[in-house]
Novice: 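Mind having a look at this structure? Questions to follow.
These figures come from a predicted structure and were not determined experimentally.
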Amino acid sequence: MKNTRLEQLRQFIADQPDDPFLKYALATEHLKAGDQTASLTYFKELLEEHPDYLGTYYHLGKLYEELGRFPDAIETYDKGIVVAMEQKNHRTRSELEAARNLLQE
């Protein structure tokens, strides 16, 4: 069933390549399927193409944590905090700060 979702998402992206939500959904679906490498690729592409897509920062940071890449996780959280502040999204800013602070303890 997961392959079906992945195939559907790939088709949606082929039809709408500039939709950041579709790339985000594809990255998270790969993560659910246990493919961290593909997920990492899509999250990084998403940040390059749509740096204002706020949801990416938390999930990419957590993925970096899972991979043991703690400096990358902290950097990702910090960048996300800046974007959240620019967007006046206090909830996401708090979540990113909490995630970062846990790593720095």
Side-chain angles (χ1 to χ4, degrees):
M1 182 173 257
K2 290 183 182 186
N3 288 336
T4 302
R5 287 186 194 143
L6 287 172
E7 291 302 319
Q8 287 175 336
L9 287 168
R10 285 187 191 108
Q11 183 58 50
F12 292 152
I13 286 176
D15 294 340
Q16 300 174 44
D18 295 327
D19 187 332
F21 175 76
L22 293 175
K23 191 161 280 190
Y24 174 83
L26 189 57
T28 57
E29 196 63 32
H30 274 289
L31 197 55
K32 289 178 192 175
D35 188 348
Q36 293 176 324
T37 302
S39 181
L40 182 62
T41 298
Y42 284 111
F43 278 136
K44 287 169 68 175
E45 284 178 14
L46 183 57
L47 282 187
E48 288 174 15
E49 297 168 7
H50 303 279
D52 60 334
Y53 198 80
L54 196 51
T56 307
Y57 293 92
Y58 181 84
H59 294 284
L60 178 56
K62 286 296 178 186
L63 178 55
Y64 279 137
E65 284 186 50
E66 289 177 25
L67 296 171
R69 295 174 56 177
F70 302 113
D72 290 328
I74 290 170
E75 180 181 348
T76 301
Y77 293 141
D78 285 341
K79 287 179 181 179
I81 290 166
V82 170
V83 174
M85 289 171 59
E86 290 170 354
Q87 294 182 11
K88 298 182 183 355
N89 188 323
H90 305 293
R91 179 175 170 248
T92 301
R93 176 182 154 200
S94 293
E95 291 171 349
L96 291 166
E97 286 175 343
R100 181 198 60 205
N101 291 341
L102 282 173
L103 279 179
Q104 292 180 324
E105 290 181 350

Novice: Rounded to the nearest 0.5 Å, what's the gap from CD on E97 to CE on M85? Could you check?
Specialist: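 Interatomic distance, E97 CD to M85 CE, rounded to 0.5 Å: 8.0 Å.
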Novice: State, with a plain yes or no, whether a side-chain heavy atom of K32 is found less than 4.5 Å away from one of R5.
Specialist: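 When only atoms from C-beta onward are counted, R5 and K32 do not touch, as no gap falls below 4.5 Å.
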Novice: Does a side-chain heavy-atom distance below 4.5 Å link V83 with P51?
Specialist: no
Novice: Do the non-hydrogen side-chain atoms of Y64 and I74 ever get within less than 4.5 Å of each other?
Specialist: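 The answer is no, as the side chains (C-beta and beyond) never meet within the 4.5 Å cut-off.
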Novice: Decide whether V82 and L103 are clustered together by the hydrophobic rule: side chain heavy atoms of Ile, Leu, Val, Met, Phe, Trp, Tyr closer than 4.5 Å, transitively.
Specialist: no
Novice: Calculate, to the nearest 0.5 Å, the distance between atoms CG and OH belonging to L31 and Y42 respectively.
Specialist: 13.5 Å
Novice: Please tell me whether E65 and Y77 have a donor and an acceptor in their side chains that are separated by less than 3.5 angstrom.
Specialist: yes
Novice: Crowded around Y53 OH? As in, over 12 foreign heavy atoms under 6.0 Å?
Specialist: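 Correct, the count exceeds 12.
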Novice: Hey, mind stepping through H59 and Y24 against ring pair (Phe, Tyr, Trp, His ring centres under 6.0 Å) and telling me if it holds?
Specialist: CA-CA 10 Å; H59 294 284; Y24 174 83; 5.7 Å; yes
Novice: For a side-chain contact (heavy atoms from CB on, under 4.5 Å) check, start with the C-alpha distance between H50 and K23, then their side-chain angles and the critical distance, and finish with the verdict.
Specialist: CA-CA 10 Å; H50 303 279; K23 191 161 280 190; over 6 Å; no
Novice: Taking the side chain as every heavy atom from C-beta outward, state whether T28 and F43 have any atom pair closer than 4.5 Å.
Specialist: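 Answer yes - side chains close enough.
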Novice: Is it true that a side-chain atom of S39 and a backbone atom of D35 form a donor plus acceptor pair closer than 3.5 Å?
Specialist: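 Judged by distance alone, no pair lies under 3.5 Å.
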Novice: Output the distance between atom CD1 (I13) and atom CG (D19), rounded to the nearest 0.5 Å.
Specialist: 8.0 Å
Novice: Of all heavy-atom pairs between L47 and Y57, which one has the smallest distance, and what is that distance?
Specialist: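 Looking at all heavy atoms of both residues, the shortest contact is CD2-CZ, 3.4 Å.
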Novice: Linking I/L/V/M/F/W/Y whenever their side-chain heavy atoms sit closer than 4.5 Å, directly or via other members, would I81 and L102 fall into one cluster?
Specialist: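 No, separate clusters.
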Novice: Specify the closest pair of heavy atoms between Q87 and D52, including all atoms of both residues, with the distance to one decimal.
Specialist: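 Looking at all heavy atoms of both residues, the shortest contact is NE2-O, 2.8 Å.
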Novice: Do L54 and N89 come within less than 4.5 Å of each other through their side chains, counting heavy atoms only?
Specialist: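 The answer is yes, as the side chains (C-beta and beyond) meet within the 4.5 Å cut-off.
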Novice: Looking only at heavy atoms, which two atoms of G61 and A73 are closest? And how far apart?
Specialist: O-CB, 3.4 Å
Novice: Closer than 4.0 angstrom, basic N to acidic O: yes or no for E48 and K44?
Specialist: no
Novice: Who pairs with N101 by side chain to side chain donor-acceptor pair (under 3.5 Å), at least two apart in sequence or on another chain?
Specialist: none
Novice: CG of L63 to CZ of R69: how many Å apart, nearest 0.5 Å?
Specialist: 8.5 Å
Novice: Might you confirm whether atom NZ of K62 has over 12 heavy atoms from other residues, nucleotides or ligands at distances under 6.0 Å?
Specialist: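 Counting neighbours around NZ of K62, more than 12 heavy atoms of other residues, nucleotides or ligands fall under 6.0 Å, so yes.
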Novice: Considering only heavy atoms from C-beta outward, does the side chain of L40 approach that of L67 to under 4.5 Å?
Specialist: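 Yes - at least one pair of side-chain heavy atoms lies under 4.5 Å apart.
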